[in-house]
Peer 1: 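The structure that follows is given in the form of structure tokens.
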Amino acid sequence: MESDAITLGWGVVPALYVQGVNMTGGELSERIHRLLLLLNAGELLPAFQEFYQPEARFYENNYLFAESRAEAYERQANFIDTCSYFSGNVELVHTDLGRGISVFYNRSDYEHETYGRGHVNGVHVGYWQGPAIAREEYFSGDRVSETLEFWQLVGRAARR
């Protein structure tokens, strides 16, 4: 996998050292890129196993959604397994490799047996510890514009 597929713009990034795992910025960048590829391929459930710590916490609009990877997986699987179609459309908005943050804008489409055609519109903010996400904050509804604008502004400021 080519690590230069993600343009970072601020040059050399220090190593990320969290919970006894030492990763360089390039290694984390590759992990983020691989996660993005899986999400865009519609492979959401395998992404849980590969990219989230077992004890990861998941929040939606600041409310606890799941207290572990297993709980989040189960809740998402109940929805995804009943979709006849899921097309990933996820964009990388910002990364801060030194702090272990990735921000994705998700506009995926799906066809669900009960709800019909639908469209995801949300922002995922992942906080990485070593090679896996320890906390994910998902923003939907009225929170999307505000969150997206904030992280785009952070990204522009980081490139200065």
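Residue numbers count from 1 along this sequence.
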Peer 1: Tell me if a side-chain donor or acceptor on N40 pairs with a main-chain N or O of V90 at a distance below 3.5 Å.
Peer 2: yes
Peer 1: Test of understanding: with side-chain hydrogen bond (donor to acceptor under 3.5 Å, both in side chains), list the residues that count as partners of S140, not counting sequence neighbours.
Peer 2: E60, N61
Peer 1: Could you tell me whether a side-chain N or O of R159 sits under 3.5 Å from a main-chain N or O of G155, the two making a donor and an acceptor?
Peer 2: yes
Peer 1: Quick check for you: to the nearest 0.5 Å, what is the distance between Y110 atom OH and Y115 atom OH?
Peer 2: 8.5 Å
Peer 1: Can you sort out the partners of E43 under salt bridge (charged side-chain N to carboxylate O under 4.0 Å, His left out), two or more places apart, ordered by chain and number?
Peer 2: none
Peer 1: Using atom types as modelled and distance alone, determine if a side-chain donor or acceptor of S68 lies under 3.5 Å from a backbone N or O of E55.
Peer 2: no
Peer 1: Name all residues meeting the side-chain hydrogen bond (donor to acceptor under 3.5 Å, both in side chains) criterion together with R143; count only those two or more places apart in sequence or in a different chain, and write none if there are none.
Peer 2: none
Peer 1: Check whether any side-chain heavy atom of L28 sits under 4.5 Å from a side-chain heavy atom of T95, and report yes or no.
Peer 2: no
Peer 1: How long is the straight-line distance from CD1 of I133 back to CH2 of W128, given to the nearest 0.5 Å?
Peer 2: 4.5 Å
Peer 1: Just to verify, what does L44 make a side-chain contact (heavy atoms from CB on, under 4.5 Å) with, not counting sequence neighbours?
Peer 2: L39, I80, F86
Peer 1: Can you list the residues that meet the salt bridge (charged side-chain N to carboxylate O under 4.0 Å, His left out) rule with R156, with sequence neighbours excluded?
Peer 2: none
Peer 1: Measuring from atom NE2 of H94 to atom CG of L153, what distance do you get when rounded to the nearest 0.5 angstrom?
Peer 2: 10.0 Å
Peer 1: Considering residues at least two apart in sequence or located in another chain, which fulfil the ring pair (Phe, Tyr, Trp, His ring centres under 6.0 Å) criterion with Y52?
Peer 2: F48, F58
Peer 1: Are the side chains of L97 and I32 in contact, using a 4.5 Å heavy-atom criterion?
Peer 2: yes
Peer 1: Side-chain polar contacts of residues 71-78 - donor-acceptor pairs under 3.5 angstrom, sequence neighbours left out - could you list them?
Peer 2:
unit_1	atom_1	unit_2	atom_2	d
E71	OE1	E67	N	2.9
R75	NH1	F65	O	2.3
N78	ND2	E74	O	3.2

Peer 1: Residues two or more places apart in sequence or in another chain: which of them pass salt bridge (charged side-chain N to carboxylate O under 4.0 Å, His left out) with E149?
Peer 2: none
Peer 1: Can you check whether H119 reaches R107 side chain to side chain, under 4.5 Å on heavy atoms?
Peer 2: yes
Peer 1: Quick one, Q49 and R69 - any side-chain contact, counting heavy atoms below 4.5 Å?
Peer 2: yes
Peer 1: Going by heavy atoms in the side chains, are R135 and Q129 under 4.5 Å from each other?
Peer 2: no
Peer 1: Residues two or more places apart in sequence or in another chain: which of them pass salt bridge (charged side-chain N to carboxylate O under 4.0 Å, His left out) with E136?
Peer 2: none
Peer 1: Would you name the heavy atoms of H112 and T82 that are closest together and state the gap between them?
Peer 2: NE2-OG1, 2.6 Å
Peer 1: Give me the atom names and distance for the closest heavy-atom approach of S108 to G88.
Peer 2: OG-CA, 3.4 Å
Peer 1: Which other residues end up in the same hydrophobic cluster as Y105, if Ile, Leu, Val, Met, Phe, Trp and Tyr are linked when side-chain heavy atoms come under 4.5 Å apart?
Peer 2: V93, I101, V103, V123, V125, Y127, F139, V144, L148, F150, W151, V154
Peer 1: Just jot down the side-chain hydrogen bond (donor to acceptor under 3.5 Å, both in side chains) partners of T147, sequence neighbours excluded, or say none.
Peer 2: none
Peer 1: Going by salt bridge (charged side-chain N to carboxylate O under 4.0 Å, His left out), name the pairs with one or both residues in residues 114-134, residues two or more places apart or in two chains.
Peer 2: E111-R117
